[in-house]
Amino acid sequence: MNYLDIAPEISESLAAGKPVVALESTIISHGMPYPKNMETALKVEHIIRTHGAVPATIAIIQGQLKVGLSAGEIDYLAKKGHAVQKASRRDIPVIISRKDDGSTTVAGTMIIAKMAGIKVFCTGGIGGVHRGASRTMDISADLLELSRTNVLVVCAGAKSILDLGLTLEYLETNGVPVIGYQTSELPAFFTRKSGFSLPYRVESAEDAARLFFSMQELGYPGGAVIANPIPEQYSLDESFISGKIEKALMEAEKSGIYGKELTPYLLAKIDAITGGTSLEANIQLVYNNALVAAGIAQAFSGMNRKI
Ligand code: PSU
Ligand code: MN
């Protein structure tokens, strides 16, 4: 039984060593409301194409691990929203055995990208160590996946719904390089700064690709994070957004939300509390990550062709 279904354009590009960028689908079903989620997903694919790479949006449809979705499939996941199962590492076997649908998280997408042979993945923000994790032990499976699966994840850092200091500590313990893209500070998704400095930075897509290429040559296990700050003109005011995040966290606590529901609940709450301001910033940072990821994928495929 073949569970992996790669769109022909993507498998041909991979076979020819052309640049391909993976995209996740939890951001579509659980990260944004309809129809903005669908419009954003299509525009991200378009940006990747216009920057010289082939987009590969990943999801599980009726038990098939799909690499490359049609516009109809993207629309289906966007409309079904929270009713789609959120698929991280532990969920994938159950979903495929039931021939169910699943929208893949950063962890889930990395696993399937690796199976397909895709090395560069673009998203908005990664999961991390939740605030209060010393009590709840709520640590996103994204972090452990980064330590074991060899995919380069381009993101705008992580939201401060999380404990960003502990998130960096956890990544360090698990040997995951976190590299600032033209920054020496971990970006906090809606803002360019978090107050947490990063040990490494790169100045260009070529530098990022070279770093990841060295990992390939060494056969070094695990992935890496390229943390690309939101463009200045779309970034939100720190005091504005931190107040809204605190409010969303309090409401989650009051409503007893935990486990896989917590991140989607917080994202939707922040969106509602800010009246869509945060959603606009979210969309713009994903577009910005798409063009950086396409550049890295291009530089990376050039390096592969030289060997
Ligand atoms: N953070 C965001 N937007 C998102 C997510 C996180 O700002 O859409 C999604 C991603 O798919 C990420 C997942 O992999 O949430 C993490 O969920 P959890 O914390 O349950 O692992
Ligand atoms: Mn969790």
Side-chain angles (χ1 to χ4, degrees), residues 2-7 10-11 14 20-32 34 37-38 40-42 44-45 48 54-128 139-155 158 222-223 225 259-264 267 282 286 289-290 293 297:
N2 186 10
Y3 291 104
L4 191 61
D5 178 359
I6 309 177
I10 295 166
S11 54
L14 289 167
V20 176
V21 174
L23 295 160
E24 62 151 307
S25 44
T26 296
I27 192 172
I28 304 174
S29 57
H30 294 72
M32 292 180 190
Y34 190 82
N37 54 355
M38 184 260 303
T40 304
L42 294 176
V44 170
E45 289 203 346
I48 288 171
V54 174
T57 304
I58 291 177
I60 307 171
I61 308 261
Q62 292 179 1
Q64 285 277 311
L65 307 177
K66 298 275 274 182
V67 179
L69 301 184
S70 66
E73 286 166 333
I74 288 178
D75 190 59
Y76 169 73
L77 293 175
K79 272 203 186 103
K80 202 169 161 189
H82 287 222
V84 187
Q85 298 239 37
K86 188 174 149 192
S88 191
R89 175 175 276 272
R90 62 107 195 249
D91 309 287
I92 292 177
V94 181
I95 293 172
I96 57 174
S97 68
R98 291 179 178 166
K99 299 199 185 327
D100 209 344
D101 301 326
S103 53
T104 49
T105 62
V106 169
T109 306
M110 287 178 79
I111 293 167
I112 300 170
K114 166 88 191 307
M115 287 178 189
I118 303 173
K119 293 290 184 187
V120 180
F121 166 21
C122 164
T123 186
I126 57 171
I139 299 171
S140 174
D142 292 354
L143 301 186
L144 209 48
E145 203 57 51
L146 278 160
S147 76
R148 41 162 85 138
T149 300
N150 185 233
V151 170
L152 184 69
V153 180
V154 180
C155 65
V225 176
K260 74 192 284 191
E261 320 299 334
L262 181 59
T263 299
L267 301 181
N282 191 347
V286 176
N289 291 343

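This chain uses plain numbering: 1 for the first residue, then up along the sequence.
Residues L23 and C122 meet the side-chain proximity criterion, which asks for heavy atoms closer than 4.5 Å. Residues S103 and I28 have side chains not in contact (no heavy-atom distance under 4.5 Å, counting atoms from C-beta outward).
Take T40 and apply the side-chain hydrogen bond (donor to acceptor under 3.5 Å, both in side chains) test, not counting sequence neighbours, and it matches no residue. Residues forming a salt bridge (Lys or Arg N to Asp or Glu O under 4.0 Å) with D100 (at least two apart in sequence, or on another chain): none. Every salt bridge (Lys or Arg N to Asp or Glu O under 4.0 Å) that K260 has, sequence neighbours left out, goes to D91. Applying the salt bridge (Lys or Arg N to Asp or Glu O under 4.0 Å) test to K119 and every residue at least two apart in sequence or in another chain returns nothing. Remark: E73 pairs with K66 by the salt bridge (Lys or Arg N to Asp or Glu O under 4.0 Å) rule, at least two apart or across chains.
Between V67 and the options V20, L14, I6, a side-chain contact (heavy atoms from CB on, under 4.5 Å) holds for only I6. A side-chain contact (heavy atoms from CB on, under 4.5 Å) with L65 is found for one member of D5, I58, I92 and no other, namely I92.
Residues T104 and T109 bring a donor and an acceptor atom of their side chains to less than 3.5 Å of each other.
For K80, the NZ atom sits in a packed shell: over 12 heavy atoms of surrounding residues, nucleotides or ligands are nearer than 6.0 Å.
For residues 141-150, every residue pair satisfying the salt bridge (charged side-chain N to carboxylate O under 4.0 Å, His left out) rule, not counting sequence neighbours, is listed here: R89-E145.
Between A41 and I74, the closest heavy-atom pair is CB-CG2, 3.7 Å. Nearest heavy atom pair, residue A297 against residue V120, reads CA-CG2, 3.9 Å. Counting all heavy atoms, side chain and backbone alike, G68 lies closest to I10 at CA-CD1, 3.5 Å. Shown here for T57 and E45, the closest heavy-atom pair between the two residues is OG1-OE2, 2.6 Å. L143 and G127 make their closest contact through CD2-O, 3.4 Å (heavy atoms, listed as atom of the first residue, atom of the second, distance).
In this structure a side-chain-to-backbone donor-acceptor pair under 3.5 Å is present from H30 to V84. T26 places a side-chain N or O within 3.5 Å of a backbone atom of T105 that can act as its donor or acceptor partner. Proximity of a side-chain donor or acceptor of D101 to a complementary backbone N or O of Q62 within less than 3.5 Å is detected. The backbone N or O of L146 sits nowhere less than 3.5 Å from a side-chain atom of T149 that would complete a donor-acceptor pair. Without hydrogens or angle criteria, N37 side chain to A78 main chain gives a donor-acceptor distance under 3.5 Å.
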side-chain contact (heavy atoms from CB on, under 4.5 Å) evaluation trace for C155 with V225
CA-CA 7 Å; C155 65; V225 176; 3.6 Å; yes

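Distance check: L4 CG to I112 CD1 gives 8.0 Å after rounding to the nearest 0.5 Å.
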